[in-house]
Amino acid sequence: MPTITHLSPEAFAPAVDGLADVLVDAVASGASLGFLQPFDHEAATAWWHTRQPALDSGTLRVWAAHSPDGLVGTVSLALEPKANGRHRAEIVKLMVHRKARGQGLARRLLTTAERAAREAGVTLLLLDTETDSTADRLYATTGWTRFGKVPAYATDPTGTLQDCSFFYKALA
């Protein structure tokens, strides 16, 4: 069973290589995460490095799931920096490597981020995901409420337009 750990700003940089592996695998698997194929390890590493300032400022929290095979999953919590929105946050980049799927790890990562949000005083979580995807089904079965679906919202990694479902979860 993979172990989930919070990545402090200091622990983040050494984890970027493993985080990049998970991201490349997710995009190669067809996950709509904002990237188009071809998408390689170098591009994934560069993207993860752009997250460091948000970690340093405390507006982004990242967790990594480690197994004996290395880093196999991640989830992030993006806290709202605007004064009128500090009660809300967004779940972003929930990913599980293909070699670790089917074991409930995505659910555990999601629960970890939800718990941390509560502890941070967040009372409303938001997220979006490709409609009819595995992630869409996960959120629908874990207490999240779909509040809308936008047709042709974003493309999948091959460039094909896909519908997007938007969810919220009240934590109060």
Verdict with supporting geometry, Leu161 and Thr155, side-chain contact (heavy atoms from CB on, under 4.5 Å): CA-CA 4 Å; Leu161 285 170; Thr155 67; 3.7 Å; yes
As a quick check of understanding, evaluate side-chain contact (heavy atoms from CB on, under 4.5 Å) for Leu60 and Arg51, giving each step before the final call. CA-CA 8 Å; Leu60 182 69; Arg51 309 289 84 205; 3.9 Å; yes
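The salt bridge (charged side-chain N to carboxylate O under 4.0 Å, His left out) contacts involving residues 12-28 comprise Asp25-Arg98, Asp25-Arg101, where partners must be two or more places apart or lie in separate chains. Screening residues 121-137 for salt bridge (charged side-chain N to carboxylate O under 4.0 Å, His left out) gives Asp136-Arg146 as the qualifying pairs, with residues at least two apart or on separate chains. Residues in residues 98-119 take part in no ring pair (Phe, Tyr, Trp, His ring centres under 6.0 Å) pair, two or more places apart or across chains. Each salt bridge (charged side-chain N to carboxylate O under 4.0 Å, His left out) pair with one or both residues in residues 64-78, not counting sequence neighbours, would appear here, but there are none. Annotation: salt bridge (charged side-chain N to carboxylate O under 4.0 Å, His left out) contacts involving residues 114-127, sequence neighbours excluded, comprise Glu114-Lys169.
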Name the atoms and distances for all side-chain donor-acceptor pairs under 3.5 Å in residues 71-78, with sequence neighbours left out.
from	atom 1	to	atom 2	distance (Å)
Thr74	OG1	Trp63	O	2.7

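For Thr50, there are no side-chain hydrogen bond (donor to acceptor under 3.5 Å, both in side chains) partners, not counting sequence neighbours. Annotation: side chain to side chain contact (heavy atoms under 4.5 Å, CB included) contacts of Ser8 (sequence neighbours excluded): Glu10, Ala11. Every residue meeting the side chain to side chain contact (heavy atoms under 4.5 Å, CB included) condition with Arg86, not counting sequence neighbours, appears here in chain and number order: Ala83. Scanning for side-chain hydrogen bond (donor to acceptor under 3.5 Å, both in side chains) contacts around Thr45 gives His41, with sequence neighbours left out. Looking at residues two or more places apart in sequence or on another chain, you find a side chain to side chain contact (heavy atoms under 4.5 Å, CB included) between Thr59 and Ala54, Ser57, Pro81. Taking Gln103 as the reference, Pro2 meet the side chain to side chain contact (heavy atoms under 4.5 Å, CB included) condition, with sequence neighbours excluded.
Arg107 contributes atom CZ, which lies 4.5 Å from atom OG1 of Thr141 (distance to the nearest 0.5 angstrom). Here the CG atom belonging to Leu23 is positioned 5.0 Å from the CE atom belonging to Met95, to the nearest 0.5 angstrom. One distance of note links CZ of Phe12 with CG of Leu19; it measures 6.0 Å at 0.5 Å rounding.
Tyr153 and Val92 fall into different hydrophobic clusters, where Ile, Leu, Val, Met, Phe, Trp and Tyr are joined by side-chain heavy atoms under 4.5 Å apart, directly or via other members. A single hydrophobic cluster is not seen to contain both Phe166 and Tyr139; linkage of ILVMFWY side chains at heavy-atom distances under 4.5 Å, directly or through other members, places them apart. Linking ILVMFWY residues whenever their side-chain heavy atoms come closer than 4.5 Å, directly or via other members, leaves Leu127 and Leu124 in distinct clusters. There is no path of hydrophobic side-chain contacts, each under 4.5 Å, that joins Leu55 to Leu94. Under the 4.5 Å side-chain contact rule for hydrophobic residues, Ile4 and Leu125 share a cluster.
Between Phe167 and the options Ile91, Thr142, Leu126, Thr129, a side chain to side chain contact (heavy atoms under 4.5 Å, CB included) holds for only Thr129.
Summarising the geometry of Asn84 relative to His87, their closest heavy-atom pair is O-CE1, 3.6 Å, with the distance given to 0.1 Å. Across all their heavy atoms, Pro9 and Gln52 have their closest contact at O-NE2, 3.2 Å. Closest approach of Ala26 and Leu33 over heavy atoms only: CB-CD1, 3.6 Å. Across Val122 and Ala89, no two heavy atoms sit closer than the pair CG1-N, 3.8 Å.
Counting non-hydrogen atoms of neighbouring residues, nucleotides and ligands closer than 6.0 angstrom, the NZ atom of Lys99 exceeds 12 such neighbours. Tyr168 OH: 12 or fewer foreign heavy atoms inside a 6.0 Å radius.
In this structure, the side chains of Leu36 and Pro157 stay at 4.5 Å or more apart for every pair of heavy atoms.
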